[in-house]
There are 2 protein chains.
Amino acid sequence: MKKTSLNDIAQHLGVSKTLVSFVLNGRGKEFRISDEICKKVMDAAKEMNYQPNRIAQGLRTGKTNTIGLIIADIANPFFGKLGREIEQEAASNGYSVIFCSSDENPEKSKQQISMLQQNQVDGYIISPPMNSESQIRALSKGKTPFVLIDRYFPEIESNYIVVDNFDAAYQATNHLLKLGRKKIANITVNLDLVNMKARTEGYQKALIDFGLEVDKNLVKVLPFSHENNDITRAIIELVGCKDDLKADAILFSTSKLGLNGIECISALGLKIPDDIAVVSFDNADAYKICVSPVTVVAQPLQEIGKKAVNILLDKINSPDDIPKFQQYTLKTEFIVRKSCGS
Amino acid sequence: MKKTSLNDIAQHLGVSKTLVSFVLNGRGKEFRISDEICKKVMDAAKEMNYQPNRIAQGLRTGKTNTIGLIIADIANPFFGKLGREIEQEAASNGYSVIFCSSDENPEKSKQQISMLQQNQVDGYIISPPMNSESQIRALSKGKTPFVLIDRYFPEIESNYIVVDNFDAAYQATNHLLKLGRKKIANITVNLDLVNMKARTEGYQKALIDFGLEVDKNLVKVLPFSHENNDITRAIIELVGCKDDLKADAILFSTSKLGLNGIECISALGLKIPDDIAVVSFDNADAYKICVSPVTVVAQPLQEIGKKAVNILLDKINSPDDIPKFQQYTLKTEFIVRKSCGS
DNA sequence: ATTAATTACTAAATCGATTTAGCTAAAATA
DNA sequence: TATTTTAGCTAAATCGATTTAGTAATTAAT
């Protein structure tokens, strides 16, 4: 029971495959195929369960109706939710998506871009890891469009959709300051990513505007693939001895850090928010059921996902337009819960 | 700057594309291409940044090196982690994966299977929703192999990898019983899925073996796409009035239920484990930082993912073997934390 | 010296669609 | 009546690979 091809239908009806193709593409009228034959073809297609071979179509037309997605890690709920939005928007436009997790590793992302290229994807949505500038630059030279998400490279012109990280961190820090916290720490990863850099800058600016000095010892930068040990160590360093805490609040720059961090804080016997207040980027489900539910900076994941796909499809469908880059910086939502006290 | 094809290399060197194809497939020796020419071809390929067109290869060879994955929801961390394992194992075997979230909706999964079919995937890994038997049966008739995960249909012969849900639920319930809980409830979804059914059956068997009666009022079955309201209502029904609790423990059959459930329990002012003990399937990150960290049934996601891919690739690579179905029922891990008291 | 074998390569078919160019018969127009 | 138009369809090229079946030139075997 092998698959039915255009040719099979053509032979079955004793007509040319050209005709069958016309009809099945809904262009029967345009090519003056008689209604009678049109009907026969469509009936036969249904009856023989014809499924067009998209691979063959892709080869002929140069369009695969597939987009490639590269994110850090699909198992991370932040990217999981984002991926879901992208998948959904893509599907509703007739596109499939190939998912790739780069682990923030530029070797991997290079490899993945190459694979997607070979698969002739019509476009890419990429959350580019550190040190992948050359890959993105190479993509720019080609004619397949791409949209960057979550971060971008200021020195490379491109389409991107990000969030106002500076402002978000400023707001979050300010919230802590207004509640009387004075020794606010920041735990973050890889400062070389613009998004992370902006978060720490926003945090620092808020301190300065409040008339406080920025204490470099209160900023802890962990490697991306941190272990819980790393966080525990960072927190112990921040906290010092229990009776004379060096920090009275922590701004976590990602939910992965925050989740692990809160685990460590509990393990150390510290209470949130009494001993230490906590704010985190990204509205992880876990934050709702924490010992004290965590105040967070929530990103508009649905908007990011939809916009990324729509911009990409625009570019795909009008490849000859002068490449005017679409760049969006969306606002975040600050959700106050109990982790900062009141 | 358009892409380089085999032909481009051939013309550039003044040789046939047959030769170029042989060389680049590493079959130069086999076809007695002189070392000198081999080298020239490989150098040219590198220099011209040749990327084989996998679409064209796919059309000719009938193999796309792509597998289709259908799960309930990639944004759900359980499936996110599973998807990640599958992606990883596939990638290390040179396969790409197209992700599809079915939302447990058979209409969607039907549509997705059809799309994957059109994309000529070499195989499927599917977590089939309720009422999708006909789709799976249709797949069986075709020659593209597939592996079911998380659940399967007993009445359809197929490859599958699941977990011993009955045993896991039995263990979990027994754990509660041994800690003195007598009024143990079960909150679950869609009993028509074998995995969910087995969980409730294991729960009931444990009660019976312990000499207790099964109280049907203590089993709450929610629709898959439940709202928090549904859970709140279920929990209120289970709990009754605070001073005379109808239930003193809950076994949640999924982490989505558990997470929402715990949120509701907190909102109702009940304390875990004092007022009510909790055990849940699936080791969500959130469970580690709960008010009282949650005792869980953890599934071997890496093993499931790897096995699914490996079985699938086996079937893909030896399509002529008599179809002997591979069926695995893996053991879960029971992780005791604080949510059941002691 | 003739035939057979080996070496080093190439032409052309093929996969399953799309699409351009063109063909035939009937109808319309001059 | 001769010519053009139109309706209704088809042949063949094409996309970029793989693969079968050869070919021509050289070397080896008889």
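Protein chains get the first letters and strands the later ones, always in sequence-line order, with residue 1 at the start of each. These figures come from a predicted structure and were not determined experimentally.
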(message) Does either side chain, that of Glu87(B) or that of Ser101(A), offer a donor lying less than 3.5 Å from an acceptor on the other one?
(response) yes
(request) Check side chain to side chain contact (heavy atoms under 4.5 Å, CB included) between Ala91(A) and all other residues, then give those that pass, not counting sequence neighbours. (result) none
(request) Name all residues meeting the side chain to side chain contact (heavy atoms under 4.5 Å, CB included) criterion together with Pro77(A); count only those two or more places apart in sequence or in a different chain, and write none if there are none. (result) Pro77(B)
(message) In this structure, how many angstroms lie between the C1' atom of dA24(D) and the CZ atom of Arg32(B), rounded?
(response) 13 Å
(request) Nearest whole angstrom, please: distance from the P of dA11(D) to the CG of Asn7(A). (result) 11 Å
(request) Using a strict cut-off of less than 4.0 Å between a Lys/Arg side-chain nitrogen and an Asp/Glu carboxylate oxygen, indicate whether Glu157(A) and Arg137(A) qualify as a salt bridge. (result) no
Please list every donor-acceptor pair under 3.5 Å in which a side-chain atom of residues 5-13 of chain B meets a protein atom from a residue at least two apart or in another chain.
| from | atom 1 | to | atom 2 | distance (Å) |
| --- | --- | --- | --- | --- |
| Ser5(B) | OG | Asn7(B) | N | 3.3 |
| Ser5(B) | OG | Asp8(B) | N | 3.2 |
| Ser5(B) | OG | Asp8(B) | OD2 | 3.4 |
| Asp8(B) | OD2 | Ser5(B) | N | 2.8 |

(request) Please figure out whether Arg27(A) or Leu59(B) has its closest DNA chain C nucleotide nearer the 5' end. (result) Leu59(B)
(message) Both Ile55(A) and Lys17(B) contact DNA chain C. Taking the nearest nucleotide for each, which residue is further toward the 5' end?
(response) Lys17(B)
(message) So Ser21(A), base contact, sugar-phosphate only, or nothing? Heavy-atom distance under 4.0 Å.
(response) base
(message) Taking any heavy-atom pair under 4.0 Å as a contact, classify Thr61(A): base, sugar-phosphate, or nothing.
(response) sugar-phosphate
(message) What's the angle between the local helix axes at either end of the helix from dA1(C)-dT30(D) to dA30(C)-dT1(D), using five pairs per end and rounding to 10 degrees?
(response) 70°
Name each donor-acceptor pair under 3.5 Å that joins a side chain in residues 35-48 of chain B to protein atoms two or more places apart or in another chain, with its distance.
| from | atom 1 | to | atom 2 | distance (Å) |
| --- | --- | --- | --- | --- |
| Asp35(B) | OD1 | Lys29(B) | NZ | 2.9 |
| Lys39(B) | NZ | Asp43(B) | OD2 | 2.8 |

(request) Run the ring-centre check on Phe146(A) versus Tyr124(A) and record whether the distance is less than 6.0 Å. (result) no
(request) With rounding to the nearest 0.5 Å, note down the distance linking CD in Gln326(B) to NZ in Lys324(B). (result) 7.0 Å
(message) Assuming nearest nucleotide by heavy-atom distance, tell me which of Tyr50(B) and Phe31(B) is located more 5' along DNA chain D.
(response) Tyr50(B)
(message) Going 5' to 3' along DNA chain C, between which two nucleotides do contacts with chain B fall, using a heavy-atom cut-off of 4.0 Å?
(response) dT7(C) to dG16(C)
